[in-house]
Amino acid sequence: QVQLVESGGGLVQPGGSLLLSCVASGSIFSIRSMGWYRQAPGKRREWVATITSDDSTNYDYSVKDRFTISRDNAKNTTNLQMNSLKPEDTAVYYCTITSKRALGDFWTPYWGQGTQVTVSS
């Protein structure tokens, strides 16, 4: 199996910054993409950012120019640098990867357990 471990969540004041990290381990042959989703209380889970194998990045409009996603292919990690945080960013943030165990496998999505981010004064 593939395991994802997120870290870096916590409480921060509006305008502050947090760095979320995600480390993938287990049976990984290759990774097509890594990304982040979030879910706030009473809301559906929404996509935040994605980085692909060629280092192309995409962001939801609500976080564009404030968040930066990066990856380290050798370490199977992805980071989400969050700046200028707003109360609306409060949510549980989930790391996700799309990977395969071997060349002949299907691409398969995996999810982390989530890390809480709270933006409040």
(message) Under the rule for salt bridge (Lys or Arg N to Asp or Glu O under 4.0 Å), what residues qualify as partners of D60, not counting sequence neighbours?
(response) none
(request) Share the residues that join Y94 in a hydrophobic cluster, the rule being Ile, Leu, Val, Met, Phe, Trp or Tyr side chains under 4.5 Å apart at the heavy-atom level. (result) Y37, W47, V92, W111
(message) Any heavy-atom pair between the side chains of S99 and S30 that's under 4.5 Å?
(response) no
(request) Output the rest of the hydrophobic cluster of F29: all Ile, Leu, Val, Met, Phe, Trp and Tyr residues reachable through side-chain heavy-atom contacts under 4.5 Å, sorted by chain and number. (result) L103
(message) For C95, is there any backbone N or O sitting under 3.5 Å from a side-chain donor or acceptor partner on E6?
(response) yes
(request) Verify, without hydrogens or angle tests, whether R44 (side chain) and A40 (backbone) share a donor-acceptor contact under 3.5 angstrom. (result) no
(request) Write out all pairs satisfying salt bridge (Lys or Arg N to Asp or Glu O under 4.0 Å) with one or both partners inside residues 14-29, taking only residues at least two apart or from two chains. (result) none
(request) Could you tell me whether the side chain of R66 and the main chain of S84 form a donor-acceptor pair under 3.5 Å? (result) yes
(message) Run the side-chain hydrogen bond (donor to acceptor under 3.5 Å, both in side chains) test on T77 and D72 for me, step by step, so that the C-alpha distance in whole Å, both residues' side-chain angles and the decisive distance to 0.1 Å come before the verdict.
(response) CA-CA 5 Å; T77 63; D72 186 331; 4.9 Å; no
(request) State, to 0.1 Å, how close P14 and S121 come at their nearest heavy-atom pair, and which atoms those are. (result) CD-N, 3.7 Å
(message) Holding to side-chain hydrogen bond (donor to acceptor under 3.5 Å, both in side chains), I want the full list of residues that pass it with S7, two or more places apart in sequence or in another chain.
(response) none
(request) Just jot down the side-chain hydrogen bond (donor to acceptor under 3.5 Å, both in side chains) partners of S33, sequence neighbours excluded, or say none. (result) none
(message) I'd like to check Q81 versus S17 (side-chain heavy atoms, cut-off strictly below 4.5 Å). Are they in contact?
(response) yes
(request) Not counting sequence neighbours, which residues clear side chain to side chain contact (heavy atoms under 4.5 Å, CB included) with N73? List them please. (result) R71
(request) Not counting sequence neighbours, which residues clear side-chain hydrogen bond (donor to acceptor under 3.5 Å, both in side chains) with S56? List them please. (result) D54
(message) Is it the case that the side chain of T118 and the backbone of Q116 share a donor-acceptor pair, with hydrogens and angles ignored and the cut-off at 3.5 Å?
(response) no
(message) The criterion is side chain to side chain contact (heavy atoms under 4.5 Å, CB included); which residues satisfy it with Q3, sequence neighbours excluded?
(response) Q1, S25
(request) Give the other cluster members for L85, using side-chain heavy-atom distances under 4.5 Å between Ile, Leu, Val, Met, Phe, Trp and Tyr residues; answer none if it is isolated. (result) V2, L4, V12, L18, L20, I28, I31, M34, W36, V48, I51, Y59, V63, F67, I69, L80, M82, Y93, I97, Y110, V117, V119
(message) So does S70 get a backbone contact from the side chain of T78, meaning a donor-acceptor N/O pair under 3.5 Å?
(response) yes
(message) Which residues end up grouped with W107 if you chain together Ile, Leu, Val, Met, Phe, Trp and Tyr wherever their side-chain heavy atoms are less than 4.5 Å apart?
(response) none
(request) Using the salt bridge (Lys or Arg N to Asp or Glu O under 4.0 Å) rule, collect all pairs that involve residues 14-43, keeping only residues at least two apart or in two chains. (result) R38-E46, R38-D89
